[in-house]
Amino acid sequence: MNKSCPGSLHRPKSFKYERTLLPFSFYSPKLSLYILAFCVTLLLLLQIRSLHTPPISPSPLPSWSFLQQWQEVINKTLASPNCTQDVLESMTQKLRDSVTFLPLKDLRYANQPLPGHTWFMSSMYDTHEEGEVQYQQFPSDSSNGRLLCLKGRDTHDGSWNYYALAWPEALPSNATLMKGLTFVAYNHYNYDNIWHGLSAMVPFVAWHRKNSCETPTRWILYRWGELRFKMGTWLNTLMKATFGQAPYIEGFNGIEDDDQPVCFEKAVVMRHNEGGMSRERRMEVYDLIRCKARVYCNVSGDQKRPGIGMTLLMRTGPRSFRNETAVIGIFEKECMKVEGCQLIVAYSNNLTICEQVKLMSLTDILISPHGAQLTNLFLMDRNSSVMEFFPKGWLKLAGVGQYVYHWMASWSGMIHRGDWRDPDGENCPYSDDDRRCMSLYKSGRIGYNETHFAEWARNVLNDVKTSKLEEASKHAQNSISKTCDCS
């Protein structure tokens with residue numbers, strides 16, 4: 001029987017590592033030094049104890065030869081591979097057992113986050129440089145070299161999904177290690193809506209661009225801490241174009257038990273969307289996605305395009321125009337007054353993703369009701385214009401969310417030319433500022449004002465005509481022929 005160092009514990013012979021059973025065969029040199037120091041201290045304490053034990057008969061103090069003999073004992077003990085290995089394995093097992101999993105959704109901050117905190121992975125702080133995206137990266141200096149580990153596959157309650165940090169040398173027992181780069185996304189809404197989905201993806205594109213265009217092996221999607229297993233087609237296509245490969249959404253299908261931990265060789269977590277990014281950085285990110293989307297869809301900068309492209313991007317159902325024929329007629333009449341202006345009427349739900357990309361590449365003025373289809377605005381050339389329309393009641397009751405396309409136009413280098421809000425519509429049985437009215441107004445349809453629409457269109461057309469002439473004189477018009485970043 002092999003002798004072991006005092007205090008050592010028996011450990012399992014193997015643990016799950018990248019979905020295979022591998023022997024324990026790695027350790028940290030620094031940790032080994034700590035173990036050696038521990039052994040020396042333990043042996044010295046035993047010697048001190050023996051020296052304080054009352055002797056049977058008086059004896060002289062230890063001689064120099066005795067101390068030399070004791071030193072030889074210590075050296076032989078430290079030279080024993082069993083002592084070092086047993087203590088190392090014991091401490092590694094203790095580190096492994098000390099890994100503590102916390103709920104992804106911290107209910108303490110669910111309703112009212114505190115400064116510096118968010119309820120998603122609430123114990124973690126973000127890395128943030130001025131003007132750059134806020135993110136967490138594992139392993140990193142801020143995590144003291146520890147990896148991110150996740151547990152649970154709940155799709156209804158984020159407090160039943162968990163996270164923890166663990167040393168690479170001491171992953172939780174039965175953990176699976178997934179190699180490569182993992183993107184962990186948080187979204188307060190969902191990944192089917194193109195506005196909310198894109199907002200969650202933009203910070204990953206920013207990190208990708210800043211970090212030598214490194215691409216992820218997999219994506220893990222969370223909404224309120226609940227797992228999601230797909231992106232909408234529009235978003236999936238744009239991410240495929242941007243990263244050069246279709247996003248692989250991790251479903252943990254090979255994990256046998258929901259309680260089995262999964263750890264990641266390298267992980268980047270985003271939970272603030274575009275928060276913290278400067279306008280300049282956002283424009284660079286949107287430039288990259290636009291450029292990659294045009295390349296992917298084979299939209300050439302040499303394509304024939306109108307002098308001024310005016311596009312009516314229509315909706316059907318909620319927030320559509322009540323009289324589309326009248327609205328189209330107003331803008332068509334004003335477009336015909338400007339040389340080189342071409343009006344295109346389109347419905348986004350009838351277009352493929354690449355047809356939308358091509359349409360936006362031909363558009364200088366985008367005219368559309370408030371809605372997700374307006375997210376396409378960033379696919380236009382920089383300095384293009386947006387005209388937005390709202391049903392009755394939104395100004396008072398819709399909150400800040402009604403301004404998202406004002407913000408997006410600014411972030412992507414476009415010009416938002418204002419909006420028109422229909423004063424007429426269904427009457428609410430409550431007072432005008434009663435929030436219950438929003439359920440009625442949210443899906444309302446939009447009327448028109450011929451005089452206002454005509455004057456508005458005329459002013460925007462004149463501004464665009466002037467700016468395009470100035471661009472032509474400076475040879476500054478954007479062209480798809482330039483090479484995209486991360487090419």
Take atom CZ in Phe229; do more than 12 heavy atoms of anything else shown fall under 6.0 Å from it?
yes

Using the benzene-type ring in the case of Trp, are the ring centres of Trp420 and Phe453 under 6.0 Å apart?
yes

Short side-chain to backbone donor-acceptor contact, Ser368 and Leu313, under 3.5 Å:
yes

Pair His370 + Tyr405: ring centers closer than 6.0 Å:
yes

Students often mix this up, so state it plainly: with edges at 30° and 60°, are the rings of Trp411 and Trp195 parallel, tilted or perpendicular?
parallel

Greater than 12 external heavy atoms within 6.0 Å of Lys266's NZ
yes

Using a distance-only test with no angle check, is there a side-chain donor-acceptor pair under 3.5 angstrom linking Gln260 and Thr176?
yes

Ring of Phe252, cation from Arg153 - is the NZ or CZ under 6.0 Å from the centre and inside 45° of the axis?
no

Check ion pair Asp192-Arg223 (N to O, under 4.0 angstrom):
no

What do you reckon, is CD of Glu426 surrounded by more than 12 foreign heavy atoms closer than 6.0 Å?
no

Given Ile353, which partner from the list Thr237, Asn376, Leu235 fulfils the side chain to side chain contact (heavy atoms under 4.5 Å, CB included) test?
Thr237

If the test is salt bridge (charged side-chain N to carboxylate O under 4.0 Å, His left out), which one of Arg445, Arg322, Lys392 qualifies with Asp422?
Arg322

For Trp456 against Gly418, the heavy-atom pair lying closest together:
CZ2-O, 3.4 Å

Is there a side chain to side chain contact (heavy atoms under 4.5 Å, CB included) between Tyr186 and Met121 once you walk through the steps?
CA-CA 10 Å; Tyr186 155 76; Met121 295 177 62; over 6 Å; no

Does either side chain, that of Asp419 or that of His406, offer a donor lying less than 3.5 Å from an acceptor on the other one?
yes

Has Arg281 got a side-chain atom pairing as donor or acceptor with Ser278's backbone, closer than 3.5 angstrom?
no

Can you tell me if Trp407 has over 12 outside heavy atoms packed within less than 6.0 Å of its CH2?
yes

Check whether the ring centres of Trp219 and Phe243 lie less than 6.0 Å apart, and answer yes or no.
yes

Taking only residues two or more places apart in sequence, or in another chain, which ones meet Phe101 in a ring-ring contact (aromatic ring centres under 6.0 Å, His included)?
none

With a sphere of 6.0 Å drawn around CG of Asn298, does it hold more than 12 non-hydrogen atoms of other residues, nucleotides or ligands?
no

Between Gln356 and Ser348, is a side chain to side chain donor-acceptor pair (under 3.5 Å) present by the stated rule, with each step listed?
CA-CA 7 Å; Gln356 294 176 55; Ser348 60; 5.4 Å; no

Does a salt bridge link Lys358 with Glu355, judged by any charged N lying under 4.0 Å from a carboxylate O?
no

Residue pair Arg290, Asp287: steps toward the salt bridge (charged side-chain N to carboxylate O under 4.0 Å, His left out) verdict
CA-CA 5 Å; Arg290 178 193 310 118; Asp287 284 348; 2.7 Å; yes

Could you tell me which non-hydrogen atom of Phe331 sits nearest to which non-hydrogen atom of Leu343, and how far apart they are?
C-CD2, 4.3 Å

Using modelled atom types only, decide if a donor and an acceptor are shared between the side chain of Asp485 and the backbone of Leu288 within a distance under 3.5 Å.
no

